[in-house]
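Inspection log for the structure reproduced underneath, given as structure tokens.
Sequence positions, counted from 1, serve as the residue numbers for this chain.
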Amino acid sequence: MATPAPRPDQVVRKPSLAYRDILSDDGTHVRAWTNDPDGVIDGPTVVLCNGLGTNPHLWPWLLDPECGVRIVSWNHRGVGGSDRPRDRRHIEIEHFVQDGLSVMDHFGIDSAVLMGWSMGVNTAFEMTYRHPERVRGIFAMAGVPGDTFATMLAPFRLPRLAARALTVNLCRVATLSGPVANPVVRRVPVTPGMVRLLGRTGFMFQVADPEAAAVGLKEFLTTPVDWYARLAIATSRHPRVRLSRIDVPTLFVSGRFDILAGARDMASASRRLADRGVPTEYVELRGSHFIQLEQPERVHQLLLDFSKDLG
């Protein structure tokens with residue numbers, strides 16, 4: 001029987017994590033990972049479509065061997081041991097879908113629940129749109145099914161066109177300034193104290209385990225700024241997925257004060273699916289874009305409840 005996530009005051013066991021290098025359809029080598037290298041987790045299988053450029057250490061509770069969920073995922077192209085594609089244009093959502101399917105094939109997964117975080121929600125919905133037979137349900141966290149950049153900065157109530165223009169142009173600036181910024185970013189001292197300080201900014205709230213979060217944030221900063229910006233610009237072109245073609249159960253989990261994915265847009269997507277009779281639920285938590293770090297118990301329990309009958 002699946003067990004709930006440990007409380008923040010409990011000692012987490014040694015992380016369970018293993019990597020596999022696989023070949024995606026276009027010949028790009030991608031680094032996949034799983035929290036169940038020995039095949040001992042007694043629980044549903046969930047394929048994690050992670051946030052853009054992020055890594056497994058930003059999910060510390062899922063790396064506990066007793067988490068009750070078998071996670072399979074991968075690092076984005078050019079990130080964390082995954083190669084940059086020969087064709088530099090192959091960094092859009094459709095290519096992440098290819099990578100996800102290749103990862104599933106490698107691990108022998110015919111179909112599974114998809115969990116998307118941030119831009120990974122785009123990947124999850126696009127995969128479901130293109131390959132519905134591979135998806136049993138979508139756990140969508142802090143992300144929308146397409147046109148993500150138009151929903152950013154939602155707490156500031158900017159018009160969609162203005163939000164998109166501002167955020168995309170910031171990424172364009174980062175592609176130019178990246179070579180100068182990279183050496184500086186790599187030297188940023190990511191410590192639990194810095195994570196606590198970030199928790200007072202509103203961009204992120206206080207997290208349950210600052211030490212674990214620091215590990216994930218430190219690894220995130222190893223990706224060159226200009227390459228991350230190129231990934232972001234490419235994925236910004238992903239349009240809204242046609243929800244009329246989505247028929248699997250969905251659960252949207254948003255952070256009320258998320259500035260990188262609009263909670264209102266997530267609620268709207270859930271309502272549109274409900275209007276078609278698709279099983280769906282919307283849950284809004286007090287938090288930011290990093291709600292899995294801020295409220296790990298709540299997010300983990302929602303995942304267990306959603307996936308236990310589908311995975």
Legend entry - Neighbour count above 12 (heavy atom, 6.0 Å) for Arg286 CZ: no
Inset, instruction - Over all heavy atoms of both residues, which pair between Val144 and Gly262 is shortest? Give the atoms and the distance, please. - result: CG1-O, 4.0 Å
Inset, instruction - Sorted by first residue and then second, give each salt bridge (charged side-chain N to carboxylate O under 4.0 Å, His left out) pair with at least one member in residues 166-189; sequence neighbours left out. - result: none
Inset, instruction - Mark yes or no for whether Ser268, through its side chain, and Asp265, through its backbone, hold a donor-acceptor pair below 3.5 Å. - result: no
Inset, instruction - Look at the side chain of Arg134 and the backbone N and O of Ile109, then say whether any donor-acceptor pair between them is shorter than 3.5 Å. - result: yes
Inset, instruction - Measure from NZ or CZ of Arg31 to the centre of the six-membered ring of Trp74, then state whether that distance is under 6.0 Å and the direction lies within 45° of the axis. - result: no
Inset, instruction - Any chance you could lay out the side chain to side chain contact (heavy atoms under 4.5 Å, CB included) test for Ile233 and Thr175, step after step, and finish with the verdict? - result: CA-CA 9 Å; Ile233 291 171; Thr175 62; 3.8 Å; yes
Legend entry - Check against side chain to side chain contact (heavy atoms under 4.5 Å, CB included), Thr151 and Arg160: CA-CA 6 Å; Thr151 77; Arg160 294 177 66 90; 4.0 Å; yes
Inset, instruction - Assess the side chains of Gln301 and Asp305: does a donor N or O sit below 3.5 Å from an acceptor N or O? - result: yes
Inset, instruction - Say whether Leu176 and Val185 are linked into one hydrophobic cluster, either directly or through other cluster members, by side-chain heavy-atom distances under 4.5 angstrom. - result: no
Legend entry - Heavy-atom side-chain proximity of Arg164 to Asp147 below 4.5 angstrom: yes
Legend entry - Thr28-Asp26 side chain donor-acceptor pair, cut-off 3.5 Å: yes
Legend entry - Hydrophobic cluster identity match, Leu285 and Met141, side-chain contacts under 4.5 Å: yes
Legend entry - Closest heavy-atom pair and its distance - Ala229, Cys171: CB-O, 3.3 Å
Legend entry - Side chains of Leu303 and Leu62 in contact at under 4.5 Å (non-hydrogen atoms): yes
Legend entry - For the student: nearest non-hydrogen atoms of Met127 and Met104, plus distance: SD-SD, 4.1 Å
Legend entry - Donor on one side chain, acceptor on other, His76 and Ser82, under 3.5 Å: no
Inset, instruction - Ignoring hydrogens and angles, state whether a donor on the side chain of Asn182 or Asp226 is under 3.5 Å from an acceptor on the partner side chain. - result: yes
Inset, instruction - Report the relative orientation of the aromatic rings in Phe125 and Phe252; use parallel for angles under 30°, tilted for 30 to 60°, perpendicular for over 60°. - result: parallel
Inset, instruction - Begin with the C-alpha distance, continue with both residues' side-chain angles, and end with the deciding distance and a verdict on side chain to side chain donor-acceptor pair (under 3.5 Å) for Asp64 and Ser16. - result: CA-CA 6 Å; Asp64 187 323; Ser16 178; over 6 Å; no
Inset, instruction - Please check if any side-chain donor atom of Arg136 sits under 3.5 Å from a side-chain acceptor atom of Ser111, or the reverse. - result: yes
Inset, instruction - Could you check if a side-chain atom of Ile93 sits within less than 4.5 angstrom of a side-chain atom of Met119, using non-hydrogen atoms only? - result: yes
Legend entry - Close side-chain approach of Thr280 and Pro249, heavy atoms under 4.5 Å: no
Inset, instruction - Determine yes or no for a side-chain-to-main-chain donor-acceptor pair under 3.5 angstrom, with Asn169 supplying the side chain and Val173 the backbone. - result: no
Legend entry - Check: Trp59/Asn50 side-chain N/O donor and acceptor closer than 3.5 Å: yes
Inset, instruction - Give a yes or no answer on whether the side chain of Trp117 reaches the backbone of Leu52 with a donor-acceptor pair at less than 3.5 Å. - result: no
Legend entry - Distance-only side-chain donor-acceptor flag, His29 / Asp21, under 3.5 Å: no
Inset, instruction - Decide if atom CG of Asp110 counts as having more than 12 heavy atoms of other residues, nucleotides or ligands within a radius under 6.0 Å. - result: no
Inset, instruction - Determine, using the 4.5 Å side-chain heavy-atom cutoff (strictly less than), whether Ile71 and Val215 are members of one ILVMFWY cluster. - result: no
Legend entry - Transitive ILVMFWY side-chain link Leu23 to Val79, under 4.5 Å: no
Inset, instruction - Give the minimum heavy-atom separation between Val283 and Leu302, together with the two atoms involved. - result: CG1-CD1, 4.1 Å
Legend entry - Shortest non-hydrogen contact from Thr250 toward Phe306: C-CE1, 3.8 Å
Legend entry - Pairwise side-chain contact, Val47 with Met115, heavy-atom cut-off 4.5 Å (strictly under): no
Legend entry - Contact check, side chains of Phe96 and Leu231, non-hydrogen atoms, under 4.5 Å: yes
Legend entry - Min side-chain heavy-atom separation Leu58-Glu219 under 4.5 Å: no
Legend entry - Over 12 non-hydrogen atoms of neighbours within 6.0 angstrom of CD in Glu94: yes
Inset, instruction - Output, in order, the C-alpha distance, side-chain angles, deciding distance and verdict of salt bridge (charged side-chain N to carboxylate O under 4.0 Å, His left out) for Arg70 and Asp42. - result: CA-CA 8 Å; Arg70 178 196 184 210; Asp42 181 19; over 6 Å; no
Legend entry - same_hphob_cluster(Leu221, Val184) at 4.5 Å side-chain heavy-atom cutoff: no
Legend entry - Derivation of the side chain to side chain contact (heavy atoms under 4.5 Å, CB included) call for Val30 and Arg20: CA-CA 8 Å; Val30 174; Arg20 304 281 189 273; over 6 Å; no
Legend entry - Gly216 backbone acceptor or donor facing Asn55 side chain under 3.5 Å: yes
Inset, instruction - Mind running side chain to side chain donor-acceptor pair (under 3.5 Å) on Ser270 and Glu281 for me, showing each step along the way? - result: CA-CA 6 Å; Ser270 184; Glu281 184 180 358; over 6 Å; no
Inset, instruction - Decide yes or no for Leu198 and Leu217: does some side-chain heavy atom of the first lie under 4.5 Å from some side-chain heavy atom of the second? - result: yes
Inset, instruction - Please name all residues satisfying side chain to side chain donor-acceptor pair (under 3.5 Å) with Ser254, sequence neighbours left out, ordered by chain then number. - result: Tyr282
Inset, instruction - Please say which of Phe203, Phe220, Phe205, Phe257 ends up in a ring-ring contact (aromatic ring centres under 6.0 Å, His included) with Phe290. - result: Phe203
Inset, instruction - Not counting sequence neighbours, which residues clear side chain to side chain donor-acceptor pair (under 3.5 Å) with Gln295? List them please. - result: none
Inset, instruction - Kindly say whether Ala213 contributes a backbone atom to a donor-acceptor pair with the side chain of His57 at under 3.5 angstrom? - result: no
Inset, instruction - Without swapping roles, check the side chain of Thr191 against the backbone of Met194 for a donor-acceptor pair under 3.5 Å. - result: yes
Legend entry - Atom of Ser307, atom of Val46 and distance for their closest heavy-atom approach: CB-CG2, 4.0 Å
Inset, instruction - Evaluate side chain to side chain contact (heavy atoms under 4.5 Å, CB included) for Met204 paired with Leu197, printing each intermediate quantity in order. - result: CA-CA 9 Å; Met204 175 189 286; Leu197 183 62; over 6 Å; no
Legend entry - Any side-chain donor near an acceptor of the partner, Glu92 and Thr235, under 3.5 Å: no
Legend entry - Pair Asp83 + Arg77, salt bridge at N-O below 4.0 Å: no
